[in-house]
Amino acid sequence: MLQLNYIRDNKEDVLKRLATKNFKDAETIINKVIELDNTRRATQKDGDAIKAEANVIAKQIGELMKAGKKEEAEIQKGKTADLKLREKNLDEALKSIEEDIQNLLVQVPNTPSTKVPAGKTPEDNEVVNEQGTKPELHAAAVPHWELTTKYNLIDFELGVKLTGPGFPVYKGKGARLQRALINYFLDKATAAGYLEIQPPIMVNEDSAYATGQLPDKEGQMYHAQIDNFYLIPTAEVPITNIYRDVILKESDFPVKNCGYTPCFRREAGSYGKDVRGLNRLHQFDKIEIVQITHPDKSYDTLEEMREYVASILKELELPFRTLKLCGGDMSFASALTYDMEVWSAAQKRWLEVSSVSNFETFQTNRLKCRFKGADGKTQLAHSLNGSALALPRIVASLLENNQTPEGIKIPKVLVPYTGFEIIN
RNA sequence: GGAGAAAUGGCAGAGUGGUCGAUUGCGGCAGUCUUGAAAACUGUUGAGGGUCAUACCUCCGGGGGUUCGAAUCCCUCUUUCUCCGCCA
């Protein structure tokens, strides 16, 4: 959520930047917000004046009672009835105006950083770099959904029986590979200075709201209605919410947390080759990295996180490319996002495995995650997060890219974790 | 699940209807002393709204109520603790 004062002070700039995100109703909503805020201030001023008056009278009554002047006190009491009524009306008006402002503000996406390329579709994303070499597969090479069946690694049909489509069952070396990747990713993150967190995988409404899943993405989360809990779509939600209503010290920066969790996404309306095999699932595993930083440092941090993710992909010997997302393809909350995509050699397409974003104050404003600066002032921190990494598409490309007539070779760095060098 | 107790500032912990946004201690910050540090002493130290800046307003777990006036009384919800029951 954007800061109201920032919008007031930088209206033209905010509108200009929202335009690169192709947000249509920007001007209407922002004008309305500013107008409501003016009304809010005036209303509060009136209300405060009445409250001040009532406070003075109440104090006088106290003194009169103490002095035994009961009759004079009664006279003063008579004055308050009208004040109370006006106070109540103004308080109600204020509450309703504040709600209106809030309802409008949550509709406004984050303003993109000035570094964000213009554009509307994924084709407009800027390719920052491409690293590694795409493998030449042998003649009999097949996509991963055939490999998982051939080597009995993943049973998609069994998942349908137990739960439904998009809930695969991993078996034997398939299950072991999952566990190996999780441990490898967590060890890497820990070595890079991230504190490992094992959070709940269900969150309450407050948490879902604070990181922006609610109100707009309600349909994308699984909802346990009896207890009003939401299954998390990413570890970002519980981990970032650790810092809800927290005032950090400047010396706490940078806050670096990582966590492994299953992630749950309803992903309504998806179909075709995009969802085949491991390409898109309702339940999948992901290691998330989160940082909270000083506003001056967040873009350096973003680059650091991007390089960190790249370093893992290099170790895994996967060809990948880095995209800087254009305005139209960015998420609602992001100010700047890099997507990392690995090459899936049998599908012959790029698969997104990580998305690294700087949210600036967009998340921390809703979270009320602040810090006390050197000047003693309390201000909003910046938040960033990224996947490091999501498992299914990594597994897909590992299986496809490393297939040989003898079997699927495991990258060297993973062997200590899997305990085997080849799947055959 | 049943019974009882509690929820106050970073922490501990006073305050049971009016001068309480809140005594005090610890912690934090600044200063005095010291070559430096410790100790001691002095000062300072919650958040939000509002204002050019003051005034001023709100917040004592959340919500509602009583009252001229609520941290303090009433209702309700949530959470924590103790005891009992059940249990991986």
Side-chain angles (χ1 to χ4, degrees), chain A residues 1-9 33-106 198-210 214 224-230 238 241-253 255 292 361 363-381:
Chain A
M1 192 167 69
L2 292 175
Q3 292 171 263
L4 184 41
N5 284 337
Y6 183 82
I7 295 178
R8 285 190 79 100
D9 297 342
V33 163
I34 292 176
E35 187 192 316
L36 280 169
D37 189 46
N38 289 335
T39 315
R40 192 206 103 232
R41 288 184 194 208
T43 309
Q44 189 179 337
K45 223 170 169 176
D46 292 350
D48 283 358
I50 290 169
K51 281 177 188 162
E53 204 178 331
N55 285 344
V56 169
I57 292 177
K59 216 166 257 183
Q60 284 171 354
I61 292 172
E63 280 158 19
L64 288 170
M65 297 289 261
K66 212 175 267 179
K69 299 176 182 170
K70 240 184 167 173
E71 279 151 45
E72 284 180 49
E74 286 303 321
I75 293 169
Q76 291 295 82
K77 274 194 198 180
K79 290 187 189 170
T80 59
D82 174 52
L83 286 177
K84 281 183 78 174
L85 185 69
R86 281 158 65 198
E87 185 184 325
K88 197 178 168 195
N89 288 337
L90 285 169
D91 276 350
E92 276 166 13
L94 189 66
K95 207 170 169 183
S96 130
I97 294 165
E98 281 172 348
E99 271 171 27
D100 290 346
I101 291 175
Q102 184 76 1
N103 289 338
L104 287 173
L105 275 180
V106 296
Q198 194 176 101
I201 60 174
M202 293 179 114
V203 294
N204 59 30
E205 217 174 345
D206 284 349
S207 295
Y209 180 81
L214 294 179
Q225 298 191 11
I226 292 176
D227 295 296
N228 200 23
F229 293 154
Y230 292 88
N241 266 283
I242 293 172
Y243 304 96
R244 167 152 53 89
D245 291 319
V246 166
I247 299 180
L248 296 160
K249 288 181 293 225
E250 218 172 321
S251 57
D252 292 332
F253 291 140
V255 172
I292 315 255
T361 59
Q363 276 189 331
T364 53
N365 188 31
R366 266 208 221 182
L367 286 167
K368 293 198 181 65
C369 171
R370 294 157 292 174
F371 72 99
K372 199 165 272 202
D375 56 358
K377 277 192 181 166
T378 306
Q379 55 176 307
L380 294 173

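Quick note on labels: first sequence line is chain A, next is B, and so on, each numbered from 1. Given the structure is predicted, the values throughout are model-derived calculations rather than measurements.
- Across B/rG27 and B/rG36, the matching P atoms stand 23 Å from one another, rounded to whole Å.
- In plain terms, the two heavy atoms of A/Phe371 and A/Leu380 that are nearest each other are CE2-O, 3.6 Å.
- B/rC20 is unpaired under the criterion used here, namely a Watson-Crick or G-U wobble arrangement in which both key atom distances are under 3.5 Å.
- With a cut-off of 3.5 Å on both Watson-Crick or G-U wobble distances, the partner of B/rC73 is given as B/rG65.
- Looking at A/Ile242 and A/Val255, their side chains never come closer than 4.5 Å, going by heavy atoms from C-beta outward.
- At the phosphate of B/rU51, OP1 or OP2 sits under 4.0 Å from a side-chain N or O atom of A/Arg41.
- Put simply, CD on A/Glu87 and CG on A/Leu94 are 11.5 Å apart, with the number rounded to the nearest 0.5 Å.
- Whole-Å rounding puts the A/Asp46 CG to B/rC56 P distance at 18 Å.
- Nucleotides B/rG62 and B/rA71, compared at atom P, are 12 Å apart to the nearest Å.
- Note: A/Lys70 NZ to A/Ile61 CD1 = 13.0 Å, rounded to the nearest 0.5 Å.
- For the pair A/Lys45 and A/Asp48, the minimum side-chain heavy-atom distance is 4.5 Å or more.
- Rounded to whole Å, atom C1' of B/rG10 lies 17 Å from atom OH of A/Tyr243.
- The partner of B/rA55 cannot be assigned: no Watson-Crick or G-U wobble pair with both contacts below 3.5 Å exists in any strand.
- The C1' atoms of B/rC87 and B/rU78 are separated by 25 Å, rounded to the nearest whole Å.
- Nucleotides B/rU23 and B/rG15 place their C1' atoms 8 Å apart, quoted to the nearest Å.
- Atom CG in A/Asn55 sits about 15 Å away from atom P in B/rA55, given to the nearest Å.
- Distance A/Lys51 NZ to B/rG50 C1': 12 Å, rounded to the nearest Å.
- Between A/Leu83 and A/Ile57 there is a side-chain heavy-atom pair separated by less than 4.5 Å.
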Taking distance alone, no hydrogens or angles, what donor-acceptor pairs closer than 3.5 Å link side-chain atoms of residues 202-210 of chain A to residues at least two apart or in another chain?
unit_1	atom_1	unit_2	atom_2	d
A/Asn204	OD1	A/Asp206	N	3.3
A/Asn204	OD1	A/Ser207	N	3.0
A/Asn204	OD1	A/Ser207	OG	3.2
A/Glu205	OE1	A/Asn228	ND2	2.9
A/Ser207	OG	A/Arg244	NH2	2.9
A/Tyr209	OH	A/Gln102	NE2	2.7

| remark: With sugar-phosphate taken as primed atoms, P, OP1 and OP2 and all else as base, the protein-contact string of nucleotides 59-74 of chain B at under 4.0 Å (heavy atoms; B, S, -) is -----S---BS-----
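- Atom-to-atom distance recorded for A/Arg370:CZ and A/Thr378:OG1 is 6.5 Å, nearest 0.5 angstrom.
- A/Phe371 has its CZ atom 22 Å from the P atom of B/rG28, to the nearest Å.
- Separation of the P atoms belonging to B/rG10 and B/rA3 is 35 Å when rounded to the nearest angstrom.
- Between A/Arg8 atom CZ and B/rG49 atom P the separation is 13 Å, expressed in whole Å.
- B/rC57 and B/rA40: their C1' atoms are spaced 42 Å apart (whole Å).
- Electrostatic pairing of A/Asp91 and A/Lys95 does not count as a salt bridge here, judged by no charged N lying under 4.0 Å from a carboxylate O.
- Residue A/Arg40 is the one, among A/Ala52 and A/Arg40, whose nearest nucleotide of RNA chain B lies closer to the 5' end (criterion: closest heavy atom).
- When both distances must be under 3.5 Å, the Watson-Crick or G-U wobble mate of B/rG4 is B/rC81.
- A straight line from CG of A/Asp91 to P of B/rC57 spans 13 Å, rounded to a whole angstrom.
- Contact check for A/Arg8 versus A/Asn38: side-chain heavy atoms found under the 4.5 Å cut-off.
- Annotation: B/rU72 and B/rU66 have their C1' atoms spaced 13 Å apart (nearest Å).
- Taking CE of A/Met65 as the start and CD of A/Glu74 as the end, the distance is 6.5 Å to the nearest 0.5 Å.
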Extract from the structure each pairing of a protein N or O with an N or O of nucleotides 46-48 of chain B at less than 3.5 Å, listing the distance.
unit_1	atom_1	unit_2	atom_2	d
B/rA47	OP1	A/Lys372	NZ	2.9
B/rA47	O3'	A/Arg370	NH1	3.2
B/rG48	OP1	A/Arg370	NH1	3.1

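- Base-pair partner of B/rU42: B/rA30 (Watson-Crick or G-U wobble, both distances under 3.5 Å).
- Between B/rU76 and B/rG17, the two P atoms lie 23 Å apart (nearest whole Å).
- Remark: C1' of B/rU51 and CG of A/Asn5 are 13 Å apart, rounded to the nearest angstrom.
- Across the strands present, B/rA37 finds no partner; the criterion is a Watson-Crick or G-U wobble pair with both atom distances under 3.5 angstrom.
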